[in-house]
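What's counted below: heavy atoms across the whole structure, side chains too, no hydrogens, waters or symmetry copies. Note that the structure is a prediction, hence the values are computed from the model and not measured. Atoms within a ligand are numbered from 1 in the order they appear, just like the ligands themselves.
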Amino acid sequence: MTQHAVAIVNSKGGVGKTTTAICLAGALVDKGRRVLLVDLDPQASASVWLGVPSDGRELLALLVERDQDPAPLIHHLPMGLDLIPGGLLLTQFDPRTSQRPGRDFLLRNVLKRLPTDRWDYVFVDTPGSFGILALNALAAADAFLVPVEAATLSIEPLLTQFRAIEETRQALNPELSCAGILASRVNLAARNPLQILELLHAHFGTQVFRSFIRHNVNLAEAPAHKTYIAAYLRTSNGARDYARLADEFEGRMTAKASPPLKEVVHG
Ligand code: ADP
Ligand code: MG
């Protein structure tokens, strides 16, 4: 199996990026896949969740200093997931590299230094802003996955965001494809929960995952248990939804002809 690098992006915070990075990664681990998670967020929510709080100094150094070996930074966690932790000092990435040519490609250079046969997937969790760290994630990835919070969804900002991603793809990484748009925190108790899904499908067609993630309080509890949802509570809706997503995600990642991103933006 070829290794896929997947950037989890949405310039809005609180939409389920970190939850998806960890719980989709966990669902893939449960399927026997090997997954490395890179926490490219200064808030380090993923690292804290997995019990590896960090100030981000080591990841910052790995990114900005040439030829450092990433291996010593990788934490092999007991639940079978590997993690390169992030932290607050990643806020220095922007000022530290502002004069540097090629600064959009520093994460890509790091990923190139990783063995290609060690993981099936490398997930990159990103901050809730479309800044230089998110650009690095998009420049380094084969595909991007966009969680959208179904409850407060409005299409217009999402279209704007897709245009920005498309510009990034053209400028930095023509190979980048859309892994999928994921409706998260879908509240089936709300009056018209499925309308939002229909709206998403109407605008973005097959790019939207058929699987969606229901609102599930157990997902918010999982960080206190320092593990992904299925390892905390296998019978929860959250665990079921992410397991279903993992199947669909893998089908898409292995399908040869995923539709080009242009259709999403202009279609
Ligand atoms: P982001 O990384 O995009 O900022 P998070 O994954 O941290 O978003 O999610 C934001 C908040 O919403 C967190 O408190 C998380 O526990 C909660 N959350 C995420 N997905 C769900 C869900 N499906 N059901 C209930 N709470 C959720
Ligand atoms: Mg997050």
Side-chain angles (χ1 to χ4, degrees), residues 6-27 37-54 56 59 81 83-88 90-91 93 123-131 133-134 136-138 141 144-154 157-158 161 165 179-190 193-194 196-197 200 208-246 248-249:
V6 182
I8 319 281
V9 293
N10 187 327
S11 57
K12 220 175 138 194
V15 297
K17 287 185 293 297
T18 299
T19 304
T20 298
I22 289 181
C23 295
L24 177 57
L37 176 61
V38 180
D39 184 1
L40 205 61
D41 186 354
Q43 287 190 14
S45 323
S47 307
V48 172
W49 177 332
L50 293 170
V52 191
S54 134
L59 179 52
L81 197 59
L83 171 75
I84 296 182
L88 195 58
L90 288 173
T91 53
F93 181 87
F123 279 8
V124 185
D125 191 20
T126 65
S129 67
F130 205 68
L133 290 167
N136 264 265
L138 290 169
F144 64 94
L145 187 159
V146 186
V148 296
E149 197 203 336
T152 56
L153 181 68
S154 46
L158 205 54
Q161 209 175 141
I165 294 174
I181 300 167
L182 174 68
S184 82
R185 308 184 71 173
V186 175
N187 184 1
L188 292 178
L194 299 179
I196 284 174
L197 292 172
L200 266 180
V208 184
F209 285 108
R210 299 181 66 84
S211 334
F212 57 87
I213 310 300
R214 286 168 282 184
H215 183 87
N216 176 222
V217 68
N218 301 130
L219 284 165
E221 294 164 359
H225 299 267
K226 302 205 182 324
T227 191
Y228 59 90
I229 183 67
Y232 157 51
L233 204 58
R234 187 162 298 279
T235 54
S236 61
N237 285 343
R240 285 184 224 278
D241 291 349
Y242 276 106
R244 201 173 299 128
L245 174 66
E248 187 181 2
F249 170 82

Inset, instruction - Spell out the protein N/O/S atoms under 2.8 Å from the Mg ion (ligand 2) as residue plus atom name. - result: Thr18 OG1
Inset, instruction - State which residue, out of Gln161, Lys17, Glu149, fulfils the side chain to side chain donor-acceptor pair (under 3.5 Å) condition with Asn10. - result: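 Result for side chain to side chain donor-acceptor pair (under 3.5 Å) with Asn10: Gln161.
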Legend entry - Pairwise side-chain contact, Tyr242 with Ile213, heavy-atom cut-off 4.5 Å (strictly under):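 In short, these two side chains touch, coming nearer than 4.5 Å.
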Inset, instruction - Output, in order, the C-alpha distance, side-chain angles, deciding distance and verdict of side chain to side chain contact (heavy atoms under 4.5 Å, CB included) for Leu81 and Phe123. - result: CA-CA 11 Å; Leu81 197 59; Phe123 279 8; over 6 Å; no
Inset, instruction - Answer yes or no: are there more than 12 heavy-atom neighbours, outside Gln43 itself, under 6.0 Å from its atom CD? - result: no
Inset, instruction - Could you tell me which residues satisfy side chain to side chain contact (heavy atoms under 4.5 Å, CB included) with Glu221, sequence neighbours excluded, listed by chain and number? - result: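 If we apply the side chain to side chain contact (heavy atoms under 4.5 Å, CB included) test to Glu221, skipping adjacent residues, the hits are Val217, Asn218, Tyr232.
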Inset, instruction - Go through the steps for Leu37 and Ile22 under the test side chain to side chain contact (heavy atoms under 4.5 Å, CB included), then give the verdict. - result: CA-CA 8 Å; Leu37 176 61; Ile22 289 181; 3.8 Å; yes
Inset, instruction - Enumerate the protein residues lying less than 4.0 Å from ligand 1, judged by heavy-atom distances, in chain and residue-number order. - result: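 Protein residues near ligand 1 are Gly13, Gly14, Val15, Gly16, Lys17, Thr18, Thr19, Arg185, Ile213, Arg214, His215, Asn216, Leu219, Ala220.
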Inset, instruction - Quick one: pull up CD1 in Ile181 and CZ in Phe209 and give me the separation to the nearest 0.5 Å. - result: 9.0 Å
Legend entry - salt bridge (Lys or Arg N to Asp or Glu O under 4.0 Å) contacts touching residues 229-243 (sequence neighbours left out): Asp30-Arg234, Arg214-Asp241, Asp241-Arg244
Legend entry - Matching residue for Thr18 among Ile8, Asp125, Val48, Asp39 - test: side chain to side chain contact (heavy atoms under 4.5 Å, CB included):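 Going through the options one by one, the only one that passes is Asp125.
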